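Just so it is clear: chains get the letters A, B, ... in the order the sequence lines come, proteins before strands, and each one is counted from 1. Bear in mind that the values here come from a model prediction, so they are computed numbers and not experimental data.
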Number of protein chains: 2
Amino acid sequence: MKYSELKKSLKNHKLRITDCRMDVLEYFQEHTKAVSIKDLEDKFQEYDRVTLYRTLHSFEENGLLHKIPGDSGSAVYGLCKDCDVAAHHHNHMHFRCTSCGSTECIDTPVEIKAATLPDNYEMASIDVIVNGICNQCSSN
Amino acid sequence: MKYSELKKSLKNHKLRITDCRMDVLEYFQEHTKAVSIKDLEDKFQEYDRVTLYRTLHSFEENGLLHKIPGDSGSAVYGLCKDCDVAAHHHNHMHFRCTSCGSTECIDTPVEIKAATLPDNYEMASIDVIVNGICNQCSSN
DNA sequence: TTATAAATGCAACTCTATTGCATTTTATTT
DNA sequence: AAATAAAATGCAATAGAGTTGCATTTATAA
């Protein structure tokens, strides 16, 4: 993605333009799989770990990323493709490959009826994590 | 639940009978909400943290508990009511209350068709986490 | 009752994530 | 373009979650 596009995207989300944020956002754009803090630390050794953590947090707060609960411990993050700051649409599914360990957002929308909940439970949002073998691993 | 019942349950899962395991299992039986390591540490200060961790792990390995990915960081565990060692049925949903922070297993079975996945993805299992307000919180 | 295999407690350690603070950088205003 | 205020960064320290090794104790089965 072009520099000016990245810049625009940050500005749209009311985020200041910094080297770290530009690099991290570009990294997200270039990867279809969800990204962990570990990935970023390995890739961007020139930035402090803390800065990378704070970058993820600010991106998440400003609706650029969504957090995906990690399998064991550490979380991963995915780009919010169809979201804007006002309305998040997180009702897609996350596919976690048990072979390569990657997590990926699958754009198939997920519908679970609130009617299936017991009385007096109110649904706000839903996270669906599908475990299995991803396309890359199944073709090897 | 009676002592003898707890004992039988542990034996069924090929787990040795110890004080810690009996107490922890009883605690799970008495609570409808999912249990965190923190809950256990607070409740059972007479047992070492490590022992409680290992108790959870052995319960999980032997099909007595299932692990539910925590909101931020620490995981919680739920009793496997309808599971046996041979066949786990984890396709129920987990309800996480954004008000009181509790997580709970809801017995409504969840069906997501593998057909909704893109080509060459193979589904093995699925975790559904519904966020919202639980019955207790909505009536307060 | 004894033998052995497993569970426990303790200490140390690893990994993940956060906080405080001084410094630097960004964006805005003049 | 320079000055200013607000925000981001880097570093060090700290907090929290979870694990490992090992000596000791306990449970089960012979």
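Rounding to whole angstrom units, CD of residue B:Glu41 and P of C:dC10 are separated by 14 Å. One interatomic measurement links the two molecules: CG of A:Asp23 to P of D:dA8, which rounds to 16 Å at whole-angstrom precision. For A:Ile17 and D:dA7, the CD1 to P distance is 15 Å, given to the nearest whole Å. Here the P atom of nucleotide C:dT16 and the CG atom of A:Leu40 are 13 Å apart, to the nearest Å. If you measure from atom OH of B:Tyr53 to atom C1' of C:dC15, you get 12 Å, rounded to the nearest angstrom. Taking atom CG of residue A:Leu56 and atom C1' of nucleotide C:dA17, one finds them 12 Å apart after rounding to whole Å. D:dT9 atom C1' lies 17 Å from atom CE of A:Met22, rounded to whole Å. For the pair B:Asp42 CG and D:dA17 P, the computed distance is 11 Å after rounding to whole Å.
Residue B:Val50 is the one, among A:Leu15 and B:Val50, whose nearest nucleotide of DNA chain C lies closer to the 5' end (criterion: closest heavy atom). Of the two residues contacting DNA chain D, namely A:Asp19 and B:Thr18, the nearest-nucleotide position lying further toward the 5' end is that of A:Asp19. If B:Lys7 and A:Cys20 are placed on DNA chain D by their nearest nucleotide, the residue sitting closer to the 5' end is A:Cys20.
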Inset, instruction - Given salt bridge (charged side-chain N to carboxylate O under 4.0 Å, His left out), test A:Lys43 with A:Asp39 step by step and report yes or no. - result: CA-CA 6 Å; A:Lys43 175 75 179 177; A:Asp39 297 331; over 6 Å; no

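Between A:Tyr77 and A:Phe59, the ring centre distance reaches or exceeds 6.0 Å.
B:Arg21 has a side-chain polar atom (N or O) that falls below the 4.0 Å cut-off from OP1 or OP2 of C:dA7. Phosphate proximity of C:dA17 to A:His57: absent, as no side-chain N or O sits under 4.0 Å from OP1 or OP2.
Judged by atom type and distance alone, B:Arg54 reaches the base of C:dG9 through a side-chain donor-acceptor pair under 3.5 Å. For D:dT28, its base never sits under 3.5 Å from the side chain of B:Arg16 at any donor and acceptor pair. With hydrogens and angles left out, the side chain of B:Arg49 and the base of D:dG16 share no donor-acceptor pair within 3.5 Å.
Note: A:His66 and A:His94 have parallel aromatic rings, judged against thresholds of 30 and 60 degrees for the angle between ring planes.
Other residues, nucleotides and ligands contribute more than 12 heavy atoms inside 6.0 Å of the NZ atom of A:Lys33.
At a cut-off of 3.5 Å, with distance as the only test, a side-chain donor of A:Glu104 or B:Tyr121 sits close to an acceptor on the other residue.
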